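Below you'll find the structure, written out as structure tokens, and then a few comments.
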Number of protein chains: 2
Amino acid sequence: MPGTRTSFKDMDCGFAQAIELIGDQWCFLIIRNLLLGMTRFEDFNAHLSISSKVLAHRLERLTAAGIIKARVDPRDARGKIYELTPKGEELKLVYGALTEWGDKWSPKAGGVRTEFFDTKTGDMIGGFAAVSKTGRLLDEGRVASRTGPGGSAVRDELATMIARRMVK
Amino acid sequence: MPGTRTSFKDMDCGFAQAIELIGDQWCFLIIRNLLLGMTRFEDFNAHLSISSKVLAHRLERLTAAGIIKARVDPRDARGKIYELTPKGEELKLVYGALTEWGDKWSPKAGGVRTEFFDTKTGDMIGGFAAVSKTGRLLDEGRVASRTGPGGSAVRDELATMIARRMVK
DNA sequence: ACAACTCACTTTCTTAAAGAAAGTTATATT
DNA sequence: AATATAACTTTCTTTAAGAAAGTGAGTTGT
């Protein structure tokens, strides 16, 4: 249907499912602010300059996806407090890696805008990386993906599609 | 202006800049396929069921952002080969982490759809994580962020906004 | 050499959703 | 009782998404 955004629900792929849930500029920014501790409708509205209509829709979508949950402000029944669920909290790494990438490739004189640190030691974090089963760090270049046990024909079809095209 | 999607270019924040460039469902999926080795207009078109109009726009946007680059197929001057630039390749970690999250929270009987492995040893990868400067792995719960040297008033303003609201 | 075919787009047309701004409702404060 | 505030909802206009058909340079088959 024209105008309707395409849904990826039928795509048998974890990545596509993730994008179905949070692959929207506003969702990304809202979750980012939630990860930083923001909780109020008003604050998202003001800080992100998002219209209240769209904000309400996004909060509803994120709630339905089980990424956030709202509760009434115990001090003032008018207010709601929006918080990340464990599912939402686990996006922290994705956000860290994306923030690092963004800061690297949209650089600013003076240094990074955001730095990550270890809350136990206060030390700055070196970065985000893939880790072997034995706890060894792996160079980004060594990381590749393949179809897992729950993988579908879709992924193999993709591989075939790609193989058929190989140049050079 | 109504209908115009909001731009985040003025937001002084690496994360927002990243979202400005790739924070769109189609861009995400296109880059995912590029990371898996897909290179052709036709293949994105068919595999993602994206309309050619929108695909052309996205490829243009990603090219302008310096994330992909096109070259003519040396074997057939009709065809173009789209490839990730180093900037684009560096999104691999973000994609790995997001795929892992999506596979975990949209689970499938039988196991993960996609598994990551070390191209040197063939061993499966344990996961993605934050790493200290000294190369130690950090528990996700220990990771937090703060304003860096290039950080702006925007982030501090956000922190203030949040602090003002603290409950419990 | 010429027709048929491919690839990478454009164009056209319809409709859903984004943005701006004003309005609503249920509490809360004075 | 009057005013304020938080979290939405409504209205209205415009842009962009989606479907489908069309275009043009380049290639292949005969």
Side-chain angles (χ1 to χ4, degrees), chain A residues 1-11 19-20 23-30 33-34 38-64 68-83 161 164-165 167, chain B residues 1-8 10-11 19-20 23-30 33-34 38-64 68-83 161-162 164-165 167:
Chain A
M1 227 171 274
T4 316
R5 203 155 268 172
T6 309
S7 162
F8 304 122
K9 285 201 181 94
D10 294 339
M11 222 179 262
I19 289 308
E20 173 79 17
D24 163 280
Q25 298 147 253
W26 289 126
C27 285
F28 268 106
L29 261 354
I30 291 166
N33 282 15
L34 280 161
M38 190 173 273
T39 56
R40 306 309 180 110
F41 191 99
E42 241 198 328
D43 289 345
F44 295 115
N45 197 196
H47 181 80
L48 297 175
S49 306
I50 182 178
S51 88
S52 23
K53 181 178 85 176
V54 177
L55 176 56
H57 280 147
R58 292 298 179 275
L59 291 173
E60 201 179 348
R61 184 185 298 175
L62 289 171
T63 303
I68 65 175
K69 204 162 192 294
R71 62 180 166 109
V72 176
D73 183 343
R75 297 182 312 190
D76 182 343
R78 281 173 307 185
K80 278 188 186 173
I81 296 174
Y82 288 98
E83 286 165 323
M161 209 173 218
R164 205 161 29 77
R165 300 295 208 158
V167 172
Chain B
M1 229 171 272
T4 316
R5 203 153 267 174
T6 309
S7 162
F8 304 123
D10 294 339
M11 222 180 262
I19 290 307
E20 173 78 18
D24 163 280
Q25 297 147 252
W26 289 127
C27 286
F28 268 106
L29 261 354
I30 291 167
N33 282 14
L34 281 160
M38 189 173 273
T39 56
R40 306 307 180 110
F41 191 97
E42 241 198 329
D43 289 346
F44 294 115
N45 196 196
H47 180 80
L48 297 174
S49 307
I50 181 177
S51 87
S52 23
K53 181 177 87 176
V54 177
L55 176 55
H57 280 147
R58 291 298 178 276
L59 291 172
E60 201 179 346
R61 185 186 297 175
L62 289 171
T63 303
I68 66 176
K69 204 160 191 293
R71 63 182 166 107
V72 176
D73 183 343
R75 297 183 311 190
D76 182 343
R78 282 173 305 185
K80 278 187 187 175
I81 296 173
Y82 289 97
E83 287 166 323
M161 211 173 218
I162 290 167
R164 207 162 25 78
R165 300 295 209 156
V167 172

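No hydrogens, no waters, no symmetry mates; every other heavy atom, side chains included, goes into these values. Labels below follow one simple rule: chain letters A, B, ... track the order of the sequence lines, proteins then strands, and each chain is numbered from 1. Not measured: the values here are computed from a predicted model.
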Over how many whole Å does the gap from [X] atom [atom1] to [N] atom [atom2] extend?
{"X": "A:Glu60", "N": "C:dA18", "atom1": "CD", "atom2": "P", "value": "13 Å"}
{"X": "B:Phe8", "N": "C:dG19", "atom1": "CZ", "atom2": "C1'", "value": "12 Å"}
{"X": "A:Arg40", "N": "C:dT27", "atom1": "CZ", "atom2": "P", "value": "16 Å"}
{"X": "A:Asp73", "N": "C:dA26", "atom1": "CG", "atom2": "P", "value": "19 Å"}
{"X": "B:Met38", "N": "C:dA8", "atom1": "CE", "atom2": "P", "value": "12 Å"}
{"X": "A:Ile68", "N": "D:dA7", "atom1": "CD1", "atom2": "C1'", "value": "13 Å"}
{"X": "A:Arg61", "N": "C:dA18", "atom1": "CZ", "atom2": "C1'", "value": "12 Å"}
{"X": "A:Asp43", "N": "D:dA6", "atom1": "CG", "atom2": "P", "value": "9 Å"}

Checklist entry - So B:His57 and B:Lys53, side chain to side chain contact (heavy atoms under 4.5 Å, CB included) or not? Walk me through it. => result CA-CA 6 Å; B:His57 280 147; B:Lys53 181 177 87 176; 4.0 Å; yes
Next on the checklist: Tell me which one of B:Asp73, B:Asn45, B:Asn33 satisfies side chain to side chain donor-acceptor pair (under 3.5 Å) with B:Arg40.
Outcome noted: B:Asp73
Checklist entry - Given D:dA17, D:dA7, C:dA16, which nucleotide is nearest the side-chain atoms of A:Thr4? => result C:dA16
Checklist outcome for this item: Of the listed D:dC8, C:dA8, C:dG19, the closest approach to the A:Lys80 side chain comes from D:dC8
Next on the checklist: Using a 4.0 Å heavy-atom cut-off to protein, can you give one letter per nucleotide of nucleotides 19-30 of chain D, 5' to 3': B if the base is in contact, S if only the sugar-phosphate is, - if neither?
Outcome noted: S-B----BS---
Next on the checklist: Main chain of A:Asp24, side chain of B:Asp24: is a donor-acceptor contact present, judged purely on distance under 3.5 Å?
Outcome noted: no
Next on the checklist: Heavy-atom count check: over 12 atoms from other residues, nucleotides or ligands less than 6.0 Å from A:Asp10 CG?
Outcome noted: no
Checklist entry - What are the two closest non-hydrogen atoms of B:Asp43 and A:Arg165, and how far apart are they? => result OD2-NE, 3.0 Å
Checklist entry - Between A:Gly3 and A:Glu42, which is nearer to the 5' end of DNA chain D once each is assigned its nearest nucleotide? => result A:Glu42
Checklist entry - How are the rings of A:Tyr82 and A:Phe44 set to each other: parallel, tilted or perpendicular (split at 30° and 60°)? => result perpendicular
Checklist entry - Is the shortest side-chain N/O distance from A:Arg58 to OP1 or OP2 of D:dC8 below 4.0 Å? => result no
Next on the checklist: At less than 4.0 Å, is any side-chain N or O atom of B:Trp26 found next to OP1 or OP2 of D:dA16? Yes or no.
Outcome noted: no
Next on the checklist: If you take the centroid of each ring, where Trp contributes its six-membered ring, are B:Phe28 and A:Phe28 closer together than 6.0 Å?
Outcome noted: yes
